[in-house]
Amino acid sequence: MAKILVFTELHGSHVKGVTLEILGKLAGHTVDVAAIGTIPSEAIADLAKFGAANVHSLKGANLDKYSPEGYANALKGFISAGAYDYVFAGATSVGKDLLPRVATMFDAGMASEVTNFVMEGDKFAGTRPLFAGKCFAKVELTGPKPHFVTVRPNALGINANPTSGAASAKEDAVDAGAIRAMIKDIVKGASEKLDLTEANIIISGGRAMKDPANFKILDEMAEVIGATVGASRAAVDSGFAPHAMQVGQTGKTVAPSLYIACGISGAIQHLAGMRTSKVIVAINTDPDAPIFTKADYGIVGDLFTIVPIMTQEFKALLGK
Amino acid sequence: MNIFVCVKQVPDTETKIIPTADGSFIETNSIKWIMNPYDEYAVEQALLVQAANAGSTVTVVRVGSSKDTEALRTAMAMGADDAFLVEAPDNLDSYMIAKALKGAIEKSGKTPDLLLTGKQAIDDDCLQVPQILATMLNVPSVSVVVGYEGSATDITVKREVEGGAIEIYGVKLPAMIACNKGINTPRYASLPGIMKAKKKPLTTLSLADVGVTDADQRVKYSGFSLPPEKPAGKKFDATDAAKQAAVVKEVVGLLRTEAKVL
Ligand SMILES: Cc1cc2nc3c(=O)[nH]c(=O)nc-3n(C[C@H](O)[C@H](O)[C@H](O)COP(=O)(O)OP(=O)(O)OC[C@H]3O[C@@H](n4cnc5c(N)ncnc54)[C@H](O)[C@@H]3O)c2cc1C
Ligand SMILES: Nc1ncnc2c1ncn2[C@@H]1O[C@H](COP(=O)(O)O)[C@@H](O)[C@H]1O
């Protein structure tokens with residue numbers, strides 16, 4: 001049997017949702033989980049529910065904050081000691097930055113941001129979007145082990161009937177080694193909400209928003225349905241929203257359950273970033289806007305009147 | 001300072017992607033190629049650092065097919081001094097690309113003080129090459145960088161993470177920095193710049209020259225296919241003020257009963 005490790009980040013007293021998605025997908029395999037720092041008991045309970053065998057809290061000096069080198073050195077040492085064949089992580093800011101470094105320390109390969117995968121016996125086979133989701137391909141890994149994989153959040157979904165595991169808590173000493181690029185400070189983002197790439201519902205505004213202040217009608221709706229607000233590039237370039245909010249080929253690639261596009265025409269570069277959303281709603285005054293060809297539900301109308309009505313309807317539906 | 005910029009040539013973002021009949025890759029014959037959009041920020045950053053550090057050189061390096069050299073010509077038209085092209089298929093994996101880039105940098109005979117890349121290539125969307133190359137060269141690196149300042153020996157960079165939060169790093173050069181939108185505003189290549197670029201040295205190397213063989217393959221792709229087309233959705237007319245409330249009520253209802261997303 002392949003020896004599998006899932007590396008996770010901690011988010012308050014829990015692990016990231018994508019970690020549980022990966023564990024659920026690996027049901028039937030023996031899978032360990034590791035995080036830098038102390039994994040809290042709530043998180044261990046979640047990991048047990050989704051089948052983790054051993055849960056390793058990795059501890060060492062200079063690991064209180066993320067650093068590419070410190071985390072890579074620490075994880076490299078732990079993976080070597082455990083002789084893992086596969087290492088999975090979520091395609092988060094840390095996962096995307098860290099895993100290629102660790103893979104290279106083993107001269108090994110990595111599959112980036114798969115949206116699905118299977119273990120055929122001991123062999124990994126994944127699916128991933130390329131060319132910003134304009135096509136898909138099968139991805140396999142070859143060459144020296146361990147093999148590394150990052151998984152796009154929200155893509156696998158949560159396994160509704162997971163197999164539970166022992167989740168035996170372990171503590172392991174790791175060495176961060178020499179760190180030449182070190183965090184001096186962290187500036188919090190404007191939004192404390194879930195990041196676009198992890199959000200389950202997204203409401204995006206386009207050029208038609210006309211003014212940054214108008215985004216408040218989207219914020220109000222987002223508040224009601226627990227959504228994160230995004231934007232088209234035209235809205236970002238016009239200064240209505242920061243680049244961190246841009247969805248598309250040169251912004252974030254997102255795959256929420258529900259994507260509501262308000263005053264967005266549906267240019268190919270925007271579609272590239274959101275076309276794998278499960279359900280798409282479009283609000284646009286132009287009945288011929290290309291976004292309607294991708295929308296499950298299209299509303300031809302003025303967003304400035306439709307959005308507030310919709311917010312009220314959501315409130316009524318959700319009893320808020 | 002010896003400044004190196006890695007630029008990839010990718011299909012224009014408007015390009016319609018068509019998988020080959022055998023699904024081994026995409027049809028590349030009729031594609032219009034452009035410099036990877038994020039790599040424009042890397043070239044611009046190199047030129048800004050060069051301007052601030054007299055006597056510096058900017059070398060651009062690319063791994064890919066020689067059918068079109070648009071990306072390297074654009075970089076030199078913007079102001080880079082010279083270029084290296086490692087001739088290779090356009091579908092090498094990130095490990096092979098990074099190893100070839102490393103080989104080309106070594107062939108240049110210059111030791112890098114600063115390496116710049118884009119944060120992501122918009123064709124394979126891997127976000128791997130900068131981290132792999134930095135690890136191979138044993139230099140520190142920071143990815144998704146939206147701010148850069150500093151001297152010829154020490155820099156401070158801003159890395160964008162989830163929710164628009166910014167991590168501020170202190171980094172000792174030599175280092176690798178992968179640039180995101182926001183770090184600068186790339187200049188346009190001027191007409192004289194384009195003319196001058198034609199006379200700038202472009203050295204072509206083979207994969208064998210840089211020591212990359214089939215044994216370096218780490219990732220295997222197959223079965224390139226188009227995503228399944230969505231069936232046509234439902235469209236509602238809410239241009240008439242009298243109908244708006246009813247239409248919105250219906251759609252919100254469908255999101256719960258039919259789409260089951262609420
Ligand atoms: C290299 C490159 C990369 C790019 N990357 C991205 C990217 O990552 N993300 C991205 O989004 N774009 C990207 N673009 C830009 C893209 O081509 C489009 O220009 C952009 O998506 C358009 O944004 P928009 O839909 O908001 O604006 P527009 O295309 O101007 O559309 C505005 C829409 O609003 C509608 N409208 C107007 N008033 C109202 C109203 N009151 N109520 C309802 N609807 C209204 C109009 O009918 C129109 O359809 C990129 C382009 C290039 C060249
Ligand atoms: N074939 C290549 N030639 C030169 N630079 C590349 C190549 N592939 C990737 N890069 C650089 O690495 C960055 C990230 O690419 P990737 O890891 O493929 O997403 C790009 O923005 C380029 O700067």
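Heavy-atom distances place no part of B/D154 under 4.5 Å from chain A, backbone and side chain included. With a 4.5 angstrom heavy-atom cutoff, A/T305 touches chain B only via side-chain atoms. Only the side chain of B/I26 comes within contact range of chain A, judged by heavy atoms closer than 4.5 Å. The contact between A/A132 and chain B is made by backbone and side chain atoms together, counting heavy-atom distances below 4.5 Å. There is no contact between A/Q312 and chain B, counting heavy-atom distances below 4.5 Å. Using a 4.5 Å cut-off between heavy atoms, B/V252 contacts chain A through both its backbone and its side chain. If you measure heavy-atom distances from B/D93 to chain A, you find no contacts under 4.5 Å at all. If you measure heavy-atom distances from B/K249 to chain A, the contacts under 4.5 Å come from both the backbone and the side chain. When heavy atoms are compared at a cutoff of 4.5 Å, A/L98 does not approach chain B at all. For A/T150, no part lies under 4.5 angstrom from a heavy atom of chain B. For a residue to count as touching a neighbouring chain, one of its non-hydrogen atoms must lie under 4.5 Å from one of that chain's; by this rule B/A259 touches chain A with backbone and side chain alike. Looking at B/P11, the atoms closer than 4.5 Å to chain A (heavy atoms on both sides) all sit in the side chain, from C-beta outward.
Between atom CD1 of residue A/I183 and atom OH of residue B/Y169 there is a gap of 3.5 Å, rounded to the nearest 0.5 Å. Summarising the geometry, atom CD1 belonging to B/I122 is positioned 12.0 Å from atom CG belonging to A/L130; distances are rounded to the nearest 0.5 Å. Distance check, rounded to the nearest 0.5 Å: OG1 of A/T104 to CG of B/L137 gives 11.0 Å. The distance from atom CZ of A/R101 to atom CG of B/L133, rounded to the nearest 0.5 Å, is 11.0 Å.
Residue-environment remark: NZ (A/K278) exceeds the threshold of 12 foreign heavy atoms within 6.0 Å.
In this structure, B/Q131 and A/M110 have side chains that are not in contact, with every pair of non-hydrogen atoms separated by 4.5 Å or more. The closest side-chain heavy-atom distance from A/F131 to B/T15 is not below 4.5 Å. Side-chain contact check for A/I186 versus B/I166: every heavy-atom pair is 4.5 Å or farther apart. Contact of the B/P227 side chain with the A/K134 side chain is not registered, since no non-hydrogen atoms from C-beta on lie closer than 4.5 Å. Under the 4.5 Å side-chain criterion, counting only non-hydrogen atoms from C-beta, B/D125 is not in contact with A/E113. Here the side chains of B/V161 and A/Y66 are not in contact, with every heavy-atom distance at 4.5 Å or above. Residues B/E167 and A/K184 have side chains not in contact (no heavy-atom distance under 4.5 Å, counting atoms from C-beta outward). Between B/V219 and A/V139, some side-chain heavy-atom pair lies under the 4.5 Å cut-off.
Looking only at heavy-atom pairs under 4.5 Å with chain B, the residue among A/K252, A/E69, A/M105, A/Q246 that has the most is A/E69. Chosen from A/G301, A/G298, A/A244, the residue pairing most often with chain B at heavy-atom distances under 4.5 Å is A/G298. With respect to chain A, the highest number of heavy-atom pairs below 4.5 Å among B/K172, B/Q244, B/K16 belongs to B/Q244. Counting heavy-atom pairs closer than 4.5 Å to chain B, the top residue among A/I225, A/N200, A/L318, A/I268 is A/I268. Between chain A and the options B/L226, B/V142, B/L262, the largest number of non-hydrogen pairs under 4.5 Å is found for B/L262. Across A/K65, A/R128, A/H147, the residue that shares the most heavy-atom pairs under 4.5 angstrom with chain B is A/R128. In terms of heavy-atom pairs under 4.5 angstrom with chain B, the leader among A/A103, A/G143, A/P68 is A/P68. Chain B forms the most heavy-atom pairs under 4.5 Å with one residue out of A/L99, A/D97, A/I280, and that residue is A/D97. Your options are B/A245, B/S141, B/A121, B/A232, and the one with the most heavy-atom pairs under 4.5 Å with chain A is B/S141. If you tally non-hydrogen atom pairs under 4.5 Å between each of B/R159, B/E162, B/K260, B/K158 and chain A, the highest count goes to B/E162. Between chain A and the options B/K181, B/E14, B/E229, heavy-atom pairs under 4.5 Å are most frequent for B/K181. Ranking B/V139, B/I18, B/D240, B/V129 against chain A, the residue ahead of the rest is B/V139, based on heavy-atom pairs under 4.5 Å.
For the residue pair A/Q249/B/T13, the side-chain donor-acceptor check at 3.5 Å is not satisfied. No side-chain donor-acceptor contact under 3.5 Å links A/T142 and B/Q217.
Figure legend: B/K234 and A/Y297 shown without cation-pi pairing, the cationic atom not lying both under 6.0 angstrom from the six-membered ring centre and within 45 degrees of its axis.
Taking all atoms of both residues into account, the shortest heavy-atom contact from B/C126 to A/S112 is O-OG, 2.8 Å. Taking all atoms of both residues into account, the shortest heavy-atom contact from A/I306 to B/A238 is CD1-CB, 3.7 Å. The two atoms that bring A/D107 and B/R218 nearest to each other are O-NE, 2.7 Å, heavy atoms only. The two residues A/S277 and B/K230 make their nearest non-hydrogen contact at O-NZ, 3.7 Å. The nearest pair of heavy atoms linking B/Y95 to A/A108 is CD1-O, 4.2 Å. The two residues A/G251 and B/Y38 come nearest to each other via the heavy atoms N-OH, 3.7 Å.
The main-chain N or O of B/L173 is never found under 3.5 Å from a side-chain atom of A/R180 such that the two would form a donor-acceptor pair.
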**Request:** Take B/N180 and A/H243 through the test side-chain contact (heavy atoms from CB on, under 4.5 Å) and record every step on the way to the result.
**Result:** CA-CA 10 Å; B/N180 191 16; A/H243 180 247; 3.7 Å; yes
